[in-house]
Every structure is written in structure tokens, then in C-alpha cells.
Protein chains: 2
Amino acid sequence: METIASSSAFPPDAFAKDCASRVVLDRIGDRWTVLVVGALADGRLRFSELRTRIEGITPKVMTQTLRALERDGVLTRTVYAEVPPRVEYELTDLGRDLLVPIDAIRHWAEQHASRIVANREVYDR
Amino acid sequence: METIASSSAFPPDAFAKDCASRVVLDRIGDRWTVLVVGALADGRLRFSELRTRIEGITPKVMTQTLRALERDGVLTRTVYAEVPPRVEYELTDLGRDLLVPIDAIRHWAEQHASRIVANREVYDR
DNA sequence: CCGAATCCCACAGGATACTG
DNA sequence: CAGTATCCTGTGGGATTCGG
């Protein structure tokens, strides 16, 4: 009953090794995707606006993350031929769809952070 | 629900660099947490049962992931003094709570995997 | 202002073998 | 059965500098 690469007859199964959904989980499972997508929740933002909202991210990693998400079709990158240059990023329909579970994760993290930190201190004894 | 890093007047903010919720996102953002927690959705499982459900994970990484989640208070580890040994893992209340957003992520991944793979192929041209 | 280009490295995590 | 114990590699991601 195992599925290989999600042939159309079987439902995709992230527990299966070669299922395509694994690569999607890998993308969400990087340090910044959740924050970048979350930051774009309210609408399009410029590169520098994203950087100020997301504290601690370096420009290089910012670019990497944005390119990866653009590649996946989660957001669009629009360059305006102006001086000084302006580049705006905006979620696609797919991206806004992703926003729902991602917001859920972020809210969960924010709500339970203190409890988890406390749990760790107890455990480390 | 109060946060630790920020004063109680402010809501926890995952976008802020030093907010505790960052560490929680870091934990979710590893390759296996989503799958391990998801696998325990239906109840307690033994080490070997987890390994067969989650294809591709090595015993060492399995142990690492389980210990980290135990430390966070997401699951419990119960050792039975038997021969052969038996160890069972079960979600805590916190873990079952985490299950909700995690399931959402996994379902999203499974639903949109094929589309994202297609997007990538288009982009890589 | 928006990145591209380099350099660098800690460390997650894979492979393999062994043990109480 | 349920893990350790080693060894090793890829790469995510940080710091810094440069360019259009």
C-alpha cells in the first residue's frame, strides 16, 4: 500500500520517502520561510522593508529565501525600472494559501514559547 | 499568556530577533519534527514503529529528534523494564496542541506538492 | 537601494557498525 | 529492541565586500 512518488491513484504521503511533499516540507523547514511569508501577509513589501521587519536576517540569506519562494511560485518579484531601484515582493494565490498554516505555526510558537523554554530548563537537570 | 523576552505589555513577536518564539520556530524548522509529531497523531508508538512509518530516518537522527521533543515537553518517553526492551512515545497535551498546525502544514504540502514541483521546472528555464 | 560575489564554517544529519 | 558510537559530508547561513 505504499506510494512511490505519488502516482495519481494514491494520495500523497509525506511519510513516504520519495513523495514530492517531502521537498515542500524541506522548504518550510528552513530558518526564514515562515517569517518571510508571514511578513508578506498584509501585502507587498520592498526588500528593505522585509529586512527591517525580519530582524537578524542577512541580505544574502534574504535573497536566497526570496528566490526559492519565487521559484516555488509562492511569491512574485517585481522590478521597477527606477532610480533608485525598487523591487517589490508579493504573495501569489498559492502563497496566500500557504499563509494559513504558516500563521498557525507562528501563532502557536508565540503562544507556547515561554512554556517550552520552561520545559527545557526543567529537563536540563 | 505572557512572553518571556518581551515585557508583558507587548505580544510575543516572532519577527523580533530575541523573542523566545524564534527558538520554537527553529525546532519546527528541522527536517523531521513535522513527521515525528504527525506520526504520533493516532497514539503512542514504539521506536521501531516510528522508524517504519517515517521512511528514510536513521536511528541516530530519530533519537535526536525524539529527545529534543521530549525536552520541549511535546512528547513523553516511557521505558518498560522488559526483555526485550520496550520504549513508547506519546504526545503530551502540548504535543497534541502542536499537532493541529503541524497537520495543517503537512496537508498543505501534500496537496500542493505537484504544483510546486511544476513551478520549479518552469522557473528553471 | 537592491542585491551579487566571496569566503567561511559549524553542525544537522547521513552511513555504518556495534551493544545492553 | 532500542538505541550508542564513530566517522564524515553537504550546506544553510553568517560576515563582509563590491557593483548596477
Side-chain angles (χ1 to χ4, degrees), chain A residues 14-18 22-37 39-40 44-72 74-90 120, chain B residues 14-18 22-37 39-40 44-72 75-90 120 123:
Chain A
F15 295 108
K17 188 176 47 165
D18 296 324
R22 277 281 179 95
V23 302
V24 179
L25 285 181
D26 286 349
R27 170 123 327 290
I28 293 171
D30 82 74
R31 209 174 156 70
W32 301 106
T33 295
V34 171
L35 295 177
V36 168
V37 173
L40 289 171
R44 38 168 54 183
L45 287 179
R46 306 180 60 164
F47 188 90
S48 52
E49 293 171 328
L50 280 169
R51 279 205 67 195
T52 52
R53 288 210 184 194
I54 304 172
E55 293 182 11
I57 192 170
T58 62
K60 178 196 152 189
V61 174
M62 183 62 147
T63 301
Q64 279 179 356
T65 308
L66 288 168
R67 286 290 142 79
L69 291 171
E70 184 192 6
R71 187 167 99 108
D72 289 350
V74 168
L75 53 80
T76 58
R77 176 175 180 270
T78 310
V79 184
Y80 297 89
E82 302 175 356
V83 177
R86 181 164 57 103
V87 182
E88 290 188 340
Y89 297 90
E90 187 175 18
R120 287 182 187 180
Chain B
F15 295 108
K17 188 176 47 165
D18 295 325
R22 277 280 178 94
V23 301
V24 179
L25 285 181
D26 286 348
R27 171 123 328 289
I28 293 171
D30 83 73
R31 212 175 153 70
W32 299 107
T33 295
V34 171
L35 295 177
V36 168
V37 174
L40 290 171
R44 40 169 51 185
L45 287 178
R46 307 178 59 160
F47 189 90
S48 54
E49 293 172 327
L50 280 168
R51 279 204 66 195
T52 52
R53 288 208 183 194
I54 303 172
E55 293 183 12
I57 192 170
T58 61
K60 178 194 151 189
V61 175
M62 182 95 239
T63 300
Q64 280 179 355
T65 308
L66 287 170
R67 289 289 144 82
L69 291 172
E70 185 193 4
R71 186 167 99 109
D72 289 351
L75 54 79
T76 59
R77 176 174 179 269
T78 310
V79 183
Y80 297 89
E82 302 175 356
V83 178
R86 181 164 56 104
V87 180
E88 290 188 341
Y89 296 89
E90 186 173 18
R120 289 183 186 179
Y123 186 92

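Not measured: the values here are computed from a predicted model. Both backbone and side-chain heavy atoms feed into the values below; hydrogens, waters and symmetry mates do not.
At a threshold of 4.5 Å between non-hydrogen side-chain atoms, the residues B:Asp26 and A:Arg31 count as touching. Between B:Ile57 and B:Leu35 there is no side-chain heavy-atom pair separated by less than 4.5 Å.
The side chain of A:Pro84 sits closest to C:dC1 out of D:dG3, C:dC1, D:dC1.
Phosphate proximity of C:dG3 to A:Thr63: absent, as no side-chain N or O sits under 4.0 Å from OP1 or OP2. The phosphate of D:dA2 has OP1 or OP2 within less than 4.0 Å of a side-chain N or O from B:Arg46. Side-chain nitrogen and oxygen atoms of B:Arg27 include none within less than 4.0 Å of the OP1 or OP2 phosphate oxygen of C:dA12.
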### Query
Does the pair A:Tyr80 and A:Arg46 meet the rule for a side chain to side chain contact (heavy atoms under 4.5 Å, CB included), with working shown?
CA-CA 11 Å; A:Tyr80 297 89; A:Arg46 306 180 60 164; over 6 Å; no
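Figure legend: B:Arg53 and A:Phe15 shown without cation-pi pairing, the cationic atom not lying both under 6.0 angstrom from the six-membered ring centre and within 45 degrees of its axis.
Residue contacts shown for A:Tyr89 are limited to sugar-phosphate atoms, with no base heavy atom under 4.0 Å away. Counting non-hydrogen atoms under 4.0 angstrom, A:Arg77 reaches the backbone sugars and phosphates but no base.
Shortest non-hydrogen contact noted between A:Leu66 and A:Val36 is CD2-CG1, 3.9 Å. When all heavy atoms of A:Ala39 and A:Leu50 are compared, the pair lying nearest together is CB-CD2, 3.8 Å.
Between B:Leu66 atom CG and D:dT4 atom P there is a gap of 10 Å when expressed in whole angstrom units. Between the C1' atom of D:dG14 and the CZ atom of A:Arg51 lies a distance of 12 Å, rounded to the nearest Å. Here the P atom of nucleotide C:dG3 and the CZ atom of A:Arg86 are 12 Å apart, to the nearest Å. With rounding to whole Å, A:Leu35 atom CG is found 14 Å from D:dG13 atom C1'. The interatomic distance linking A:Leu45 (CG) with C:dG3 (P) rounds to 13 Å, in whole Å. When rounded to the nearest whole Å, the span between CZ of B:Arg67 and P of D:dA5 equals 11 Å.
Looking at B:Thr65, B:Thr33, B:Asp72 one by one, the single match for side chain to side chain donor-acceptor pair (under 3.5 Å) with B:Arg27 turns out to be B:Asp72.
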### Query
Nucleotide by nucleotide, 5' to 3', does protein get under 4.0 Å of the base (B), only the sugar-phosphate (S), or neither (-) in nucleotides 13-20 of chain C, counting heavy atoms?
BBB----B
